[in-house]
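Worksheet: the structure to be examined is printed underneath.
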Amino acid sequence: MDIEETAVKARAFSYFRAATIDQALDAHARAGDDARFIAGGQSLVPALSLRLQAPRLLIDITHIDEMRGVRREGGYLRIGALTRHCEMLSEPLVAEFAPLLHAAAPFVAHPAIRNRGTFGGSVALADPASEFPAMTLALDAEIEIVGPTGRRRVKADDFFLDLFETALQPGELITAIYVPLFKADQRFAFDELARRRGDYAMVGCGIMATCAGDRINDIRISFFSVGNTPTRVKGAEATLIGSSLDAERIAAAQAALEGDLAPPDSDEVPPAMRLHLARVLLGRLLGRLGESA
Amino acid sequence: MSGFDEIVLDDADETVRVRFVVNGRKVACEVAPRETLVDCLRNALELTGTHAGCEMGACGACLVQLDGRVVHSCLMFAVQADGAKINTIEGLTESGVIADLQAEFHRRNALQCGFCTPGMLVNAHELLSRVAQPSRGEIRDALSGNYCRCTGYEAIVDAIDAVAKARSESGGTT
């Protein structure tokens, strides 16, 4: 058998540990963009080992201070891109001001992966089956990007373009994610359906709602594992805005999913089954959201 | 670590010098950047208790403690660990901190071929140092990234559960 087909060792590359963002961007440019940034590496290392990727240069960004830490900044919680998944569980500011991320974190992979994987890395990879990219959509978060042409902030709604394709351009980095601070009139819910705990979800969903008493003033519902990108279900959202979460409205939102989602062909989870699971999950989460009034 | 100017891009298989503290001892070794931490531990440092299983973060046989937290040593390159403190199964064994876990695994037959055991023990050690009395559900959840292909998981969960109870009865001093 051809060794290249079975290789689980990365191709040779050079390694550079960047101390600043400027150093990281400069190294990327000097490698003729044949480079990859590495932070937690929990998805990148297997991709390199399987030789799905083979850059000349690996730029380690985990020691860049500017990309660390969680703090309040204006109306946002600024979560540094290097924040590890386990910190989403342990950091009090996340529990208080971005509770949806705190609720989603235990579902992200296994404990040892959470100890090393980073929030920014998960969003940058944009795996459609991952929890955190979808939650940035539900949260109406903004993604801060820095690159050769400067710094910009992109709404999560405009960030996820297609399968593993995002608004990030070659040589650009995510430095932080800005999450609007959780407010007293907001409610949230998260859950996923997986065959085994820690496995990729067959369907998952996070919801952020702004309420006046029982009335939903605004709601953002984001699914993952339903297609090429994390997906907001705007039809279902529209059926709920302006009303309360009674059984009839919940049923209408569930029915609307058929227009919102077009799950891909798959032997493991056929499209009709995935759509069914999405309806079940949405029903449960909206029920919980109603009870948490 | 050196500046970018010193990196020779087209001589990518040249080695770099890394230093860590492994099981309390300072060590330095020459590694190629593409060498994973598990390969470095097993080959250069001859610490073969850390096992290389799937080499893609699924099986948990390669778990080690890095700066106090359990990580997959197959999911990082040794150069990334430059400057870190690493504890392997050998170090945890020598220090005695998992002696009760090891005895309980042995007593309950919570291992057969033993391939998964170092990862199980490293993971159980982290769980019990964070949660004094985990439920069986929490133990299973913590082990969800560790595969065992011989004995199944019941005896392993039993052993960890028994140690958690014994430690809390003795005042949790271990």
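Chain identifiers are assigned alphabetically (A, B, ...) following the order of the sequence lines, protein sequences preceding nucleic acid strands; residue numbering begins at 1 within each chain.
Using a 4.5 Å cut-off on side-chain heavy atoms (C-beta onward), Leu66(B) and Arg116(A) make contact. When side chains are defined from C-beta on, Phe77(B) counts as touching Leu48(A), because their heavy atoms get closer than 4.5 Å. A heavy-atom distance below 4.5 Å is found between the side chains of Asp39(B) and Lys9(A).
Of the inter-residue distances, the one linking Cys86(A) atom SG with Arg130(B) atom CZ reads 7.5 Å to the nearest 0.5 angstrom. Atoms OG and CD, on Ser49(A) and Glu55(B) in that order, are 7.0 Å from each other to the nearest 0.5 Å.
Neither the backbone nor the side chain of Glu35(B) comes within less than 4.5 Å of any heavy atom of chain A. Looking at Ala39(A), only its backbone comes within 4.5 Å of chain B, counting heavy atoms on both sides. Of the two parts of Ile59(A), neither the backbone nor the side chain holds a non-hydrogen atom closer than 4.5 Å to a non-hydrogen atom of chain B. With a threshold of 4.5 angstrom between heavy atoms, Leu44(A) does not approach chain B through any atom at all.
When each of Asp60(A), Val45(A), Ile113(A) is scored by its heavy-atom pairs under 4.5 Å with chain B, the top score falls to Val45(A).
A side-chain donor-acceptor contact under 3.5 Å links Arg17(A) to the backbone of Gln80(B). Remark: the backbone N or O of Val70(B) is paired with a side-chain donor or acceptor of Asn115(A) at under 3.5 angstrom.
When all heavy atoms of Pro33(B) and Tyr15(A) are compared, the pair lying nearest together is CB-CB, 3.8 Å. Taking every heavy atom of both residues into account, Ala112(A) and His72(B) meet most closely at CB-CE1, 3.6 Å. Among all heavy-atom pairs drawn from Pro111(A) and Ser144(B), the shortest one is CD-OG, 4.3 Å.
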